[in-house]
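Working notes for the structure below.
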Amino acid sequence: MNDTSKILPEGAAYYAGRYDVVIVGGGHAGCEAALACARLGVSTAMFAINLDSVANMPCNPSIGGTAKGHLVREIDALGGEMGKAADRTFLQSRILNRGKGPAVYSLRVQSDRRAYQIDMKHTLEKTDNLDVKQAEIIALHTEEGKVCGVTTHTGAYYEAPCVILATGTFLKGKIIIGDVSYSGGPDGLFPADRLSASLAENGVALRRFKTGTPARVSRSSIDFSKMEEQKGDDPITPFSFETEDPGENKVSCYLTYTNEKTHQVIRDNLHRSPLFGGKIEGVGPRYCPSIEDKVVRFADKNRHQLFIEPMGMQTEEMYVQGLSSSLPEDVQIEMIRTISGLENVKMMRTAYAIEYDCVDPTELLPTLEFKKIKGLFGAGQFNGSSGYEEAAAQGLMAGINAAMQILGREPFVLDRSESYIGTLIDDLVTKGTPEPYRMMTSRSEYRLLLRQDNADLRLTEKGYRIGLINEERYQKFLKKRAAIEQEIKRLSDTVVPPSVTVRAFLKEHNSADIQTGIRLSELLRRPEFTYDLLAPLDPDRPKLSQAEAEQAEIQIKYEGYINRQLRQVEAFRKMEDKLLPEDIDYANIDGLRIEARQKLLKIRPRSLGQASRISGVSPADVSVLLIYLEQHKF
């Protein structure tokens, strides 16, 4: 590996070898990026400051949740790993939002934090074409606007034409607890203090964001009898479309609430809060605020719900979801002991805020490659997002596109009409984000089409074409898709006669009577019926899997709404298909407003559709662009 003939960059001590792709960071983004690259056949190295922190969950010990569950299922449908690892190591599984429509059903599992970490790390270690290394990357090297390699803290220089930055919250990480602040990464790990300067030297503008995490407390000091028990689902829905036996729930979670005493402790100590005292510079997440922020912003609420969640089977640590804080340690103890069931609690880890460097994602292309540095990609919290699932989705896409570049293949971009992943990335690179970005179902205009249950139908074929879905899985998918299509046709063609038995059945279920024959599909559209409930009227139904039956039911029940969204997608695609030349000079297009020119020059949208979503570009500006394209025959 060592080649003394190589000319080393300043600061490097020796030449350590060459990889096609180097991934900086071993969190959820780094793991998916590394696996995607290696599985696509390119030589890959993933660097983590500490290998014991690979795939760590420094905040919630969970995977999925509202909209995040959609991302995990899409990752799996494309050939990623997060869903499989979550299925192998979960403690409790639940579908959220069951009381609403299927568009917002979201799978969430309580994870065994250490088991997940060990499982993912071992998967990485066993993967061909992938080397997993412990080192801090302190410098990025470029030549003539292209990436050429990285240097570690030990002076090792690794040559690489592609580098993916998946640094999480480690870049110049700063821990803040009341008046106490110090340089550090999450969970007591070292920060990455030197890479930021190297990125700045390469023209990468950085900014500061902030996130936080609640305290961890001892299980034996909790009085669960004062809390509401929350059990998992039965049967269990797995994340991965390949998981056939998901196993069983092993634990319960518990619900409790803050109260007026809790809020008074917080109000009495706001002068000691770094959040309100100006000691925190980074911008925090709007949709996951600290408890002190919630008490101030929602002063009319007399309580906030908290979930007490286990961290794993081999630990007594419990996670207090909803109680994120950067208040001083003594205030945290006083505050938490005002809560029902936690009066005598023992705190094992103090809550803290963490500030870190990240990039403005509008500096990135939809492939997640930097516009100004060829071969440099960003993923995860480095791109301004928050959450394990958002990170993993970006890591997968950055990994795929880095590999595509090495292999000389076309880039892979998902649009917002076909996936939540596409929505996530389009929002980041087109609109940017003034705060840590969190995926929500409301961010998608097409959420009835982009359900978690049909992620495989939307994306598995794409994963197969990329090369991340193997032949065996693809053939099973084709059989499933055919079974669904055949069942929808059968239900639409099968007519039930107005017999005495049928009419009695309808009356029994408070359903409107029939005088003539009626198709099974029409009955299924009635809100009082489900696919299984109609079984007595359908003796010839084939034996389908639960997932196949669910798909047939949803597609029939919501056919009208689905068709309406498909028409919206058709209009969307027309705008997306109108590509804008890369060298278009917006400064010289008559009729564009000054703000629009500035934004268009910065973002450099790839299509008219993307241009229309840029903040500051009005419908009138879009019309000007459309006329320009027509005049110049683009």
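Values below: every heavy atom of this structure, side chains too, minus hydrogens, waters and symmetry copies.
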- Query: If you look at every heavy atom in E32 and M82, which pair is closest and at what distance?
  - Reply: OE2-N, 2.7 Å
- Note on the structure: Here the pair of heavy atoms bringing R541 nearest to Y531 is NH2-O, 2.6 Å
- Query: Say you draw a straight line from CD of E487 to CG of L520; how long is it, rounded to the nearest 0.5 Å?
  - Reply: 8.5 Å
- For the pair F529 and F505, name the ring-plane relationship: parallel under 30°, tilted 30 to 60°, perpendicular over 60°. parallel
- Task: Output yes when K480 and D456 qualify as a salt bridge under the 4.0 Å nitrogen-oxygen rule, no when they do not.
- Result: yes
- Side chain to side chain, N383 and L368, heavy atoms closer than 4.5 Å: yes
- Item | Heavy-atom neighbours of E570 CD exceed 12 at 6.0 Å | no
- Indicate whether any N or O donor in one side chain lies under 3.5 Å from an N or O acceptor in the other, for D532 and T530. no
- Is it true that R613 and D426 make a salt bridge, defined as a side-chain N closer than 4.0 Å to a carboxylate O? yes
- Pair R438 + E390, salt bridge at N-O below 4.0 Å: no
- Are the charged groups of D538 and R490 less than 4.0 angstrom apart, N to O? yes
- Message: What I want to find out is whether D76 reaches K84 closely enough, with some N-O distance under 4.0 Å, to be called a salt bridge.
- Response: yes
- Query: Just checking, is any N or O donor in the side chain of E528 or N510 under 3.5 Å from an acceptor N or O on the other one?
  - Reply: no
- Where the side chain of Q610 meets the backbone of E576, is there a donor-acceptor pair that is under 3.5 Å apart? no
- Task: Answer yes if the side chains of Y319 and N60 hold a donor-acceptor pair under 3.5 Å, and no otherwise.
- Result: yes
- Query: Do R447 and Y420 meet the cation-pi criteria used here (NZ or CZ under 6.0 Å from the six-membered ring centre, within 45° of the axis)?
  - Reply: no
- Does E461 pair with R481 as a salt bridge, N-O distance under 4.0 Å? yes
- Query: At their closest point, which heavy atom of Y446 faces which heavy atom of V569, and how far apart are they?
  - Reply: CD2-CG2, 3.7 Å
- Task: May I ask you to decide if T89's main-chain N or O and D112's side chain share a donor-acceptor pair within less than 3.5 Å?
- Result: no
- Expected output: side-chain R73 to main-chain P238 donor-acceptor under 3.5 Å: yes
- What closest approach, in Å, do L448 and I562 show between heavy atoms, and which atom pair accounts for it? CD2-N, 3.9 Å
- Query: Is R88 salt-bridged to E81, going by a charged N under 4.0 Å from an acidic O?
  - Reply: yes
- Message: Could you walk me through whether D453 and Y105 satisfy the side-chain hydrogen bond (donor to acceptor under 3.5 Å, both in side chains) test, starting with their C-alpha distance in whole Å, then the side-chain angles of each, then the deciding distance to 0.1 Å, before giving a yes or no?
- Response: CA-CA 9 Å; D453 58 79; Y105 289 176; over 6 Å; no
- Task: Check whether any side-chain N or O of Q230 sits under 3.5 Å from a backbone N or O of C253 as a donor-acceptor pair, and report yes or no.
- Result: no
- Query: Does K462 come within less than 4.0 Å of E418, counting only side-chain N to carboxylate O?
  - Reply: yes
- Under the 6.0 Å and 45° cation-pi test, does R416 pair with F572? no
- Note on the structure: P61 and P310 have their tightest heavy-atom pair at CG-O, 3.9 Å
- Could you walk me through whether E228 and Y254 pass the side chain to side chain contact (heavy atoms under 4.5 Å, CB included) test, one step at a time? CA-CA 5 Å; E228 300 171 30; Y254 294 85; over 6 Å; no
- Examine the side chains of Q394 and S385 and answer whether a donor and an acceptor come within less than 3.5 Å of each other. yes
- Message: Whether the E559 and Q555 side chains hold a donor-acceptor pair (N or O, under 3.5 Å, no angle test) is what I'd like checked.
- Response: no
- Message: Donor-acceptor pair, distance only, cut-off 3.5 Å: does the side chain of S618 make one with the backbone of D621?
- Response: yes
- Answer yes when E485 and K489 have at least one side-chain N-carboxylate O distance shorter than 4.0 Å, and no when they do not. no
- Task: Determine whether more than 12 heavy atoms belonging to other residues, nucleotides or ligands lie under 6.0 Å from atom CD of E229.
- Result: yes
- Query: Looking at V496 and I514, what are the two nearest heavy atoms and their distance?
  - Reply: O-CD1, 4.3 Å
- Message: Among R94, R113, R108, which residue satisfies the salt bridge (Lys or Arg N to Asp or Glu O under 4.0 Å) criterion with E309?
- Response: R108
- Quick check: are there more than 12 heavy atoms from other residues, nucleotides or ligands sitting under 6.0 Å from NZ of K431? yes
- Hey, mind stepping through F412 and M397 against side chain to side chain contact (heavy atoms under 4.5 Å, CB included) and telling me if it holds? CA-CA 8 Å; F412 179 63; M397 296 299 287; 3.6 Å; yes
- Looking at side-chain heavy atoms only, is the closest gap between R526 and L506 below 4.5 Å? yes
- Query: Has the side chain of N97 got a donor or acceptor atom that lies under 3.5 Å from a matching backbone atom of V104?
  - Reply: yes
- Would a distance-only check, ignoring hydrogens and angles, find a side-chain to backbone donor-acceptor pair under 3.5 Å from N249 to V251? no
- Message: Using a 6.0 Å cut-off, check whether atom OH of Y561 has over 12 heavy atoms from anything other than its own residue.
- Response: no
- State whether R458 and E74 are salt-bridged, where the test is any N-O pair (Lys NZ or Arg NE/NH1/NH2 against Asp/Glu carboxylate O) under 4.0 Å. yes
- Task: Could you tell me whether the side chains of S62 and Q110 share a donor-acceptor contact shorter than 3.5 Å?
- Result: no
- Do other residues, nucleotides or ligands put more than 12 heavy atoms under 6.0 Å from the CD atom of Q546? no
- Item | Salt-bridge present (K476, E244; N to O < 4.0 Å) | yes
- Message: Checking T367 against N401: is there a side-chain donor and acceptor pair closer than 3.5 Å?
- Response: no
- Would you check, one step at a time, whether the test side chain to side chain contact (heavy atoms under 4.5 Å, CB included) holds for Q92 with K250? CA-CA 6 Å; Q92 186 198 77; K250 302 176 183 69; over 6 Å; no
- Task: Taking N454 for its side chain and Q551 for its backbone only, find out whether a donor-acceptor pair lies under 3.5 Å.
- Result: no
- Query: Is a salt bridge present between R573 and D577, judged by a nitrogen-to-oxygen distance below 4.0 Å?
  - Reply: no
- Message: I'd like to know whether CD of Q568 has more than 12 heavy-atom contacts from other residues, nucleotides or ligands below 6.0 angstrom.
- Response: yes
- Main-chain N/O of S545 paired to E548 side chain as donor or acceptor, under 3.5 Å: yes
- Message: Tell me whether T433 contacts the main-chain N or O of E435 through its side chain, where contact means a donor paired with an acceptor under 3.5 Å.
- Response: yes
- Are L468 and I400 close enough, and set up right, to give a side chain to side chain contact (heavy atoms under 4.5 Å, CB included), and what steps lead you there? CA-CA 9 Å; L468 291 177; I400 290 170; 3.9 Å; yes
